[in-house]
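I have placed the structure first, in the form of structure tokens, so that the comments after it can refer back to it.
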Amino acid sequence: MESPRLGAAIIGVWSSWWMGLLIGIMFGIVGCLHQNTKIMLRQTLKAIVIAIIIAFFTPFMVTSYLFLPEYLNSASYMQYEVMQSSEVPHNMIIQNDFLFYLAAQIHNYSYVGGLLGLIVGVSFLILNYKKSEATVIMSNN
């Protein structure tokens, strides 16, 4: 592969597709609470957008908070020697240990973002269901 960024993107998709599947299944199950298909689709799509936004921004916010000061201080980030780590194959050549470690942390925290997105999205679906049920009950009285 000639483009390292394309290779990284492909590896990212290969290693995280299951998280989207899990989120989609959970949203589909919880979305079935709604009284009709139109409301279910609209609310589930909103939950998906919420989950995507949270999953996208969480790793960047966390790693910015944890690693930006070290990145700005070039003497500090020289302490990272990931070539000695068991996570890296011995035949892999890494040009910048700190940036490799930072990319790995962004990847790891993206799972945290996916989990947070799942929790917030399911909560959103349940709260909207309860709100719509309360509206139906009040309109019947």
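- Contact between Ser132 and Gln35 at its shortest, heavy atoms only, is OG-OE1, 3.8 Å.
- Here the straight-line distance linking atom CD1 of Ile126 with atom CD of Gln43 works out to 12.5 Å at 0.5 Å rounding.
- Between atom OG of residue Ser123 and atom CG of residue Leu118 there is a gap of 9.0 Å, rounded to the nearest 0.5 Å.
- From Met61, atom CE reaches atom OG1 of Thr58 across 5.0 Å, with rounding to the nearest 0.5 Å.
- Leu127 and Ile50 are assigned to two separate hydrophobic clusters, defined by single-linkage of ILVMFWY side chains at heavy-atom distances under 4.5 Å.
- Closest approach of Tyr109 and Thr63 over heavy atoms only: CD1-CG2, 3.9 Å.
- For the pair Met40 and Cys32, the tightest heavy-atom approach, listed with the atom from each and the gap, is CE-SG, 3.9 Å.
- Linking Ile, Leu, Val, Met, Phe, Trp and Tyr residues whenever their side-chain heavy atoms come within less than 4.5 Å leaves Val13 and Ile52 in two separate clusters.
- Counting all heavy atoms, side chain and backbone alike, Ala51 lies closest to Ile23 at CB-CG2, 4.5 Å.
- When hydrophobic clusters are built by joining Ile, Leu, Val, Met, Phe, Trp and Tyr residues whose side-chain heavy atoms come closer than 4.5 Å, directly or via intermediates, Val120 is grouped together with Phe60.
- The aromatic rings of His107 and Tyr111 stand perpendicular to each other, their planes meeting at an angle above 60°, with 30° marking the opposite boundary.
- When all heavy atoms of Gly121 and Ala47 are compared, the pair lying nearest together is O-CB, 3.8 Å.
- The main-chain N or O of Met19 is never found under 3.5 Å from a side-chain atom of Ser16 such that the two would form a donor-acceptor pair.
- Expressed to the nearest 0.5 Å, how far CG of Asn36 lies from CZ of Arg42 amounts to 8.0 Å.
- Annotation: side chain of Leu33 is in contact with side chain of Val30 (closest heavy-atom distance under 4.5 Å).
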Check: Val112 and Val62: side-chain contact (heavy atoms from CB on, under 4.5 Å), yes or no, with the steps?
Finding: CA-CA 10 Å; Val112 173; Val62 171; over 6 Å; no
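- Ring geometry, His34 versus Tyr129: the interplanar angle exceeds 60°, so the pair is classed perpendicular (tilted spans 30 to 60°).
- Rounding to the nearest 0.5 Å places OG1 of Thr44 at 9.0 Å from CZ of Phe124.
- Considering CG of Leu22 and CG of Leu115, their distance stands at 8.5 Å, rounded to 0.5 Å.
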